[in-house]
Amino acid sequence: MPELPEVETVRRELEQIFLQDPVIEKVSYRRKDLREVMPLSLLLVRKLKITRVLRRAKYLILTTANHGALISHLGMTGTWRSVPVGSDLGPHDHVVLERKRDWLVFRDPRRFGIFDWAEAGDWEDQVRFRHLGPEPLSAGFTPEYLFQELKKRKTAVKVALMDQALVVGVGNIYASEILFRAGVKPGLSSRKVSLAKCVQIVEKTQEILSQAITLGGSSMSDFYGVSGVEGSFQNQHSVYDRSGEPCVICATRIRVRVMGGRSTYWCPQCQK
DNA sequence: CTGTTAACCTGAGTGC
DNA sequence: TGCACTCAGGTTAACA
């Protein structure tokens, strides 16, 4: 489900929620493991005060007043929702942040998500953050950087764009959408991508991710925000999940092929 | 080292 | 209805 725009949407909503009331009275689990075992020490903590809600790549980081941080990754099907205190919980509601005014419930049917705790001040030093590339909406993601990185690689450019060590936040939906708007064929070898095309890719990456954030992300089957509202960027998809349908520009049939283990969509006419 | 595939899970959709 | 099968937004261990 969640790529950068969806995670950023959740971050902004959680930020507002914790601005209204920063205190988590207690944390409870309804099972002890997602993709990884969750930290049992958190269950003993009372009154966690959330100071900031950050995002790095597709991770949410909730920093606290005592300097530790909660780490949350949504995996494929993870969602955070604000529900009334004492609400009935479903079989896939695994984590509850119990607050005075509401419960924040983490639901994740496939359990590919992560819920973790980083000790004081060093969340960025966790192994899971070390290999990550630049944020796509930061000054570090330039055409020159992309060009140099792509030159080192032999994979299809679409696979490279999804590699979180090259640039973070781009997943399977947005990789196809970005390359469509940039006019670049996803199967093109990374080494053969010109600097001019890198300019297009960087520009369209920033444009699409920004638009998608504005629209609250893409709601495919089960993504929604903390308040339960769906995003609407799925209505802007030009190629993703449109195999056999006409290209929005030239009406050529959209093609699909597996690249890097994921379905990849493109227009053979518009993308060279 | 690089690059590719399989595995982790459940649910939704499809075809018979 | 029911069953078998495929596929799904991510990440990473295991493999070639």
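Values below: every heavy atom of this structure, side chains too, minus hydrogens, waters and symmetry copies.
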- Query: Honestly curious: do A:Ile17 and A:Leu19 fall in one hydrophobic cluster under the side-chain, below-4.5 Å linking rule?
  - Reply: no
Name the orientation class of the two ring planes belonging to A:Phe106 and A:Trp80 (parallel below 30°, tilted from 30 to 60°, perpendicular beyond 60°). tilted
Item checked: Flag if over 12 foreign heavy atoms under 6.0 Å of NZ, A:Lys185 -> no
Between CZ of A:Arg35 and P of B:dC8 the distance, given in whole Å, is 14 Å
Whole-Å distance, A:Arg262 CZ to C:dA8 P, equals 8 Å
Please tell me whether A:Ile61 and A:Val95 are part of a single hydrophobic cluster in this structure, the criterion being side-chain heavy atoms less than 4.5 Å apart.
no
Rounded to whole Å, the CZ-C1' distance (A:Arg31 to B:dT10) equals 11 Å
(Q) Taking C:dG9 as the reference, what is the distance to B:dG3 when you measure between their P atoms (whole Å, please)? (A) 23 Å
request  = For A:Phe233, report the nucleic acid contact type (base, sugar-phosphate, nothing); a contact means any heavy atom under 4.0 Å.
outcome  = nothing
### Task
Could you tell me whether the side chain of A:His73 and the main chain of A:Gly75 form a donor-acceptor pair under 3.5 Å?
yes
Separation of C:dG10 atom P from A:Leu4 atom CG, nearest Å, is 11 Å
**Prompt:** Can you check whether A:Arg111 has a side-chain N or O nearer than 4.0 Å to OP1 or OP2 of B:dT10?
**Reply:** yes
task: Tell me, with the steps shown, if A:Ser218 and A:Tyr174 meet side chain to side chain donor-acceptor pair (under 3.5 Å).
output: CA-CA 10 Å; A:Ser218 300; A:Tyr174 293 100; 2.8 Å; yes
A:Leu161 CG to C:dG9 P, in whole Å, measures 15 Å
Show each protein N/O and nucleotides 1-6 of chain B N/O combination with a separation under 3.5 Å, one pair to a line.
unit_1, atom_1, unit_2, atom_2, d
B:dG3, OP1, A:Lys154, N, 2.7

Parsed dot-bracket for DNA chain B after applying the Watson-Crick and G-U rules with both distances under 3.5 Å and | for other-strand partners is .|||||||.|||||||
A:His131 NE2 to C:dG10 P, in whole Å, measures 13 Å
(request) Indicate, yes or no, whether a donor-acceptor pair under 3.5 Å links the base of C:dA8 to the side chain of A:Arg110. (result) yes
Taking every heavy atom of A:Glu3 against every heavy atom of A:Val170, the minimum-distance pair comes out as OE1-C, 3.9 Å
field: Interatomic distance at P, C:dC3 relative to B:dC9, whole Å
entry: 24 Å
> Is there ring stacking between A:Phe112 and B:dC8, where the centres must be under 5.5 angstrom apart and the planes under 30 degrees?
Replying inline: yes
A:Glu3 CD to C:dG10 C1', in whole Å, measures 9 Å
Separation of B:dC9 atom C1' from A:Arg107 atom CZ, nearest Å, is 16 Å
So side-chain hydrogen bond (donor to acceptor under 3.5 Å, both in side chains) across residues 248-270 of chain A, not counting sequence neighbours, yields A:Lys158-A:Thr264
